[in-house]
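Report on the structure given below.
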Amino acid sequence: MPQKPSIPKGTRDFSPSEIAKRNHILAVIKRQFELFGFMPIETPSFENSETLLGKYGDEGDRLIFKILNSGDFISKVDDVTYSSKNSTSLAPRISDKALRYDLTVPFARYVVMHQNEIDFPFKRYQIQPVWRADRPQKGRYREFYQCDADVVGANAIVQEVEFIQLYDAVFTELGLAGTTIKINNRKILSGIAEVIGAKHLLVDFTVALDKLDKIGEEKVKMEMLEKGMSATAVERAGPLFSLQGDNFEKLDTLQTFLSGSEIGREGVAELRSILDVLKELQLDSCSLEIDVTLARGLNYYTGAIFEVAAPQQVQMGSIGGGGRYDDLTGIFGLNDVSGVGISFGLDRIYLVLDELDLFPKAIAKSLDVLCLNFGEQEAIAALHLVSKLRNSGVRADLYPSSAKVPKQFKYADKREVPYVILLGANELAERNFVVKDMHTGEQKLYSLDNPEPFIQELQS
RNA sequence: GUGGUUGUAGCUCAGCUGGUUAGAGCGCCUGAUUGUGGUUCAGGAGGUCGCCGGUUCGAACCCGGUCUUCCACCCCA
């Protein structure tokens with residue numbers, strides 16, 4: 001009995017039209033990465049478990065796909081561990097490799113391993129799939145692509161500015177208006193926690209604060225209290241829930257609020273200089289917004305934090321994120337290397353562009369010219385012509401069999417081929433061919449021995 | 001990982017409190033049209049109703065399990 005084929009949940013097949021659209025996004029991202037001076041690298045799809053585990057928190061560890069060892073791995077497990085039926089203790093005995101969870105940690109590993117060949121500051125980009133053992137939802141897959149650009153080995157605010165410009169350049173070229181780059185600073189979050197007297201609960205505090213726009217002020221406050229923050233602390237955090245005004249007004253409010261915290265003042269100053277520079281260099285299609293509730297990637301970010309929200313009319317999580325991490329390579333033994341980077345979520349950008357119908361119409365087109373097939377002799381002549389076209393950079397194809405003409409035309413129509421060539425017995429005898437413009441229906445005659453005029457017309 | 005939701009033709013979906021042979025639109029194939037597509041007309045093919053089991057004289061419909069989809073949490077691109 002034949003088995004019904006299926007693919008694992010959270011994974012997808014990509015058909016030609018989808019690949020065309022994905023490639024369009026990728027081409028824009030790559031082009032901009034390179035215009036900004038980033039160089040590509042790739043790393044293996046799986047790493048040693050110890051490289052990945054413990055880098056993303058407990059929650060992250062749970063979401064890492066672990067790869068079973070090869071061979072008779074189970075016989076090497078001691079009886080106690082085996083019979084304990086405890087996944088946490090058994091896993092390391094039967095699995096020592098895991099699929100990569102993001103591109104940042106493998107990059108840190110790469111930097112440490114190749115530190116002697118790298119010229120710092122090192123600007124790298126990396127576009128590869130990552131895997132998460134998550135429960136899928138819309139725009140959330142178990143296999144998806146990240147497009148990362150990072151720079152390591154320098155510590156200057158202009159880098160943050162550049163990344164914001166990079167986001168803007170990509171979304172502008174994609175024609176995606178209305179994205180919002182949210183920006184925050186980990187030092188501001190630390191400062192706030194310090195000022196309100198919840199320094200020891202920084203993570204719980206920020207995780208709760210991050211949910212503000214989703215669950216509202218009351219529930220955020222409840223969660224903070226549940227996590228053990230004092231009522232006074234929650235009360236003191238009050239002003240954060242209603243930051244008013246434009247970015248500079250928010251900065252002023254924060255500056256006052258954080259005047260008693262050195263690290264907080266530092267964060268405000270960093271944010272201010274980023275905004276000062278960007279006031280000079282306008283953004284094209286993105287708006288930049290300070291959002292103190294933004295707390296993503298707290299695990300390794302130490303300075304700026306970025307997140308890109310899709311245009312409001314689209315129901316979609318963030319389509320990009322990033323930030324500065326001062327000591328990511330430290331865990332692999334290379335200290336004092338500051339890094340900052342951003343990531344584009346290819347799959348979500350695709351969904352957004354698709355929903356807003358922003359893909360160029362032309363990308364569905366995979367052929368410029370289709371030559372119809374009228375029989376053996378005609379097909380041989382057609383192949384000569386098709387070769388000439390191909391050599392001139394025209395995407396051309398010959399219909400493989402001499403099927404009925406309406407069928408061949410329908411095929412051309414389906415594939416949205418703009419020009420169809422008819423080269424039948426009559427044309428062959430007179431050494432010419434007919435070109436039909438599928439849009440206008442207009443037909444023109446060209447010489448088989450001199451197709452140049454046709455090629456010229458195609459390329460004009 | 002927790003709770004919920006969804007699954008019927010290639011696609012979008014009907015299908016009454018369980019009752020003969022499960023339907024529509026679109027798409028596909030054939031013909032009108034053996035050298036002209038997108039329009040029209042006529043005909044046709046295509047479904048073990050996600051899968052496994054149970055209840056019943058009888059299940060697309062009820063029950064259990066499982067997979068899948070989407071949603072909320074967790075977390076995140």
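Residue numbers begin at 1 in each chain, while the letters A, B, ... track the order of the sequences.
Each salt bridge (charged side-chain N to carboxylate O under 4.0 Å, His left out) pair with one or both residues in residues 33-59 of chain A, not counting sequence neighbours, appears once here: A:Glu47-A:Arg109, A:Glu59-A:Arg62. For the ring-ring contact (aromatic ring centres under 6.0 Å, His included) condition, the pairs that include at least one residue of residues 39-60 of chain A, sequence neighbours left out, are A:Tyr56-A:Tyr101. Applying the salt bridge (charged side-chain N to carboxylate O under 4.0 Å, His left out) test to residues at least two apart or on different chains, the pairs with a partner in residues 422-444 of chain A are A:Arg431-A:Asp449, A:Lys444-A:Glu457. For residues 398-409 of chain A, no pair satisfies salt bridge (charged side-chain N to carboxylate O under 4.0 Å, His left out), with sequence neighbours left out.
Donor-acceptor pairing under 3.5 Å, judged by distance alone, is present between the side chain of A:Arg140 and the base of B:rC75.
Taking the C1' atoms as reference points, B:rA32 lies 49 Å from B:rU5, given to the whole Å. Here the separation of B:rG7 from B:rC73, taken at their P atoms, is 23 Å to the nearest Å. Comparing the C1' positions of B:rC51 and B:rU39 gives an interatomic distance of 44 Å, to the nearest angstrom. Rounded to whole Å, the P atom of B:rA59 lies 34 Å from the corresponding atom of B:rU2. Distance noted for atom P between B:rU69 and B:rC16: 27 Å (whole Å). On the C1' atoms, B:rU48 is 15 Å away from B:rG53, given to the nearest whole Å. Comparing B:rG50 with B:rU8, their C1' atoms are spaced 10 Å from each other, to the whole Å. Atom P of B:rA14 sits at a distance of 12 Å from the matching atom of B:rA9, rounded to the whole Å.
When the ring-ring contact (aromatic ring centres under 6.0 Å, His included) test is applied to A:Tyr446, the partners found at least two apart in sequence or on another chain are A:Phe433, A:Phe454. Partners of A:Ser190 by side-chain hydrogen bond (donor to acceptor under 3.5 Å, both in side chains), not counting sequence neighbours: none found. When the side chain to side chain contact (heavy atoms under 4.5 Å, CB included) test is applied to A:Ser17, no partner is found at least two apart in sequence or on another chain.
In this structure, the CD atom of A:Glu307 is 8 Å from the P atom of B:rA77, given to the nearest Å. With rounding to whole Å, A:Arg142 atom CZ is found 13 Å from B:rG1 atom C1'. The NZ atom of A:Lys219 sits 11 Å away from the C1' atom of B:rC73 (whole-angstrom rounding). Rounded to an integer number of Å, the gap from CZ of A:Arg132 to C1' of B:rG1 is 16 Å. Atoms NZ (A:Lys211) and P (B:rC76) sit 10 Å apart, rounded to a whole Å. Per the geometry, CG belonging to A:Asp150 stands 13 Å off P belonging to B:rA77, to the nearest Å. For the pair A:Lys55 NZ and B:rC76 P, the interatomic distance rounds to 17 Å; values are reported in whole Å. Between A:Arg100 atom CZ and B:rC76 atom C1' there is a gap of 17 Å when expressed in whole angstrom units.
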Under the 3.5 Å Watson-Crick or G-U criterion, the dot-bracket string of RNA chain B, with | for inter-strand pairs: ((((..(..((((.....[...)))).(((((.......))))).....(((((..]....))))))..))))....
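Contacts of A:Glu59 with the nucleic acid, taken as non-hydrogen atoms under 4.0 Å apart, include base atoms. Residue A:Gly139 is classed as a base contact, given a heavy-atom separation below 4.0 Å to a base. Among the protein residues, A:Tyr411 comes within range of no part of the nucleic acid, since none of its heavy atoms lies under 4.0 Å from any strand.
Put simply, A:Lys214 has a side-chain N or O that comes within less than 4.0 Å of OP1 or OP2 on B:rC73. Regarding contacts with the backbone of B:rU68, a side-chain N or O of A:Lys9 is found under 4.0 angstrom from either OP1 or OP2.
Heavy-atom minimum distance, A:Ser49 versus A:Ser95: OG-O, 4.0 Å.
Residue A:Lys199 places its NZ atom among 12 or fewer non-hydrogen atoms of other residues, nucleotides or ligands, all under 6.0 Å distant. Counting heavy-atom neighbours within 6.0 Å of A:Glu217 CD, excluding the residue itself, gives a total above 12.
Each of A:Asp134 and A:Thr11 was assigned the nucleotide of RNA chain B with the nearest heavy atom; the assignment lying further toward the 5' end belongs to A:Thr11.
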Between the protein and nucleotides 2-6 of chain B, which nitrogen or oxygen pairs come in under 3.5 angstrom?
| unit_1 | atom_1 | unit_2 | atom_2 | d |
| --- | --- | --- | --- | --- |
| B:rU2 | O4 | A:Arg135 | NE | 3.3 |
| B:rU2 | O4 | A:Arg135 | NH1 | 3.0 |
| B:rG3 | O6 | A:Arg135 | NH1 | 3.3 |

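In this structure, of B:rG1, B:rC71, B:rC75, it is B:rC71 that holds the atom nearest to the side chain of A:Gln137. Picking from B:rC28, B:rC75, B:rA77 the nucleotide with the shortest atom distance to the side chain of A:Leu63 gives B:rC75.
Classification of the A:Phe171-A:Phe344 ring pair by plane angle, with boundaries at 30° and 60°, yields tilted.
Near RNA chain B, meaning a heavy atom under 4.0 Å away, the residues from residues 317-327 of chain A are A:Ser318, A:Ile319, A:Gly320.
Under the 4.5 Å side-chain criterion, counting only non-hydrogen atoms from C-beta, A:Arg390 is in contact with A:Asp397.
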Evaluation steps, ring-ring contact (aromatic ring centres under 6.0 Å, His included), between A:Phe163 and A:Phe36: CA-CA 9 Å; A:Phe163 280 113; A:Phe36 277 73; 8.4 Å; no
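A cation-pi arrangement, defined by a distance under 6.0 Å to the six-membered ring centre and an angle within 45 degrees of its axis, is present between A:Arg22 and A:Tyr145.
Both stacking criteria are satisfied for A:Phe144 over the base of B:rA77: a centre-to-centre distance under 5.5 angstrom and an angle between ring planes under 30 degrees.
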Sequence-aligned protein contact record of nucleotides 33-39 of chain B, with B where the base is within under 4.0 Å of a protein heavy atom and S where only the sugar-phosphate is: --BBBB-
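Note: A:Phe33 and A:Tyr125 meet the aromatic proximity criterion, with ring centroids under 6.0 Å apart.
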In a table with atom names and distances, give each donor-acceptor pair under 3.5 Å that connects a side chain of residues 363-373 of chain A to protein atoms at least two apart or in another chain.
| unit_1 | atom_1 | unit_2 | atom_2 | d |
| --- | --- | --- | --- | --- |
| A:Ser366 | OG | A:Arg415 | NH2 | 2.9 |
| A:Asp368 | OD1 | A:Arg395 | NH2 | 3.3 |
| A:Asp368 | OD2 | A:Arg395 | N | 2.8 |
| A:Asp368 | OD2 | A:Arg395 | NE | 3.4 |
| A:Asn373 | OD1 | A:Gly375 | N | 3.0 |
| A:Asn373 | ND2 | A:Tyr399 | O | 2.9 |
| A:Asn373 | ND2 | A:Pro400 | O | 3.4 |

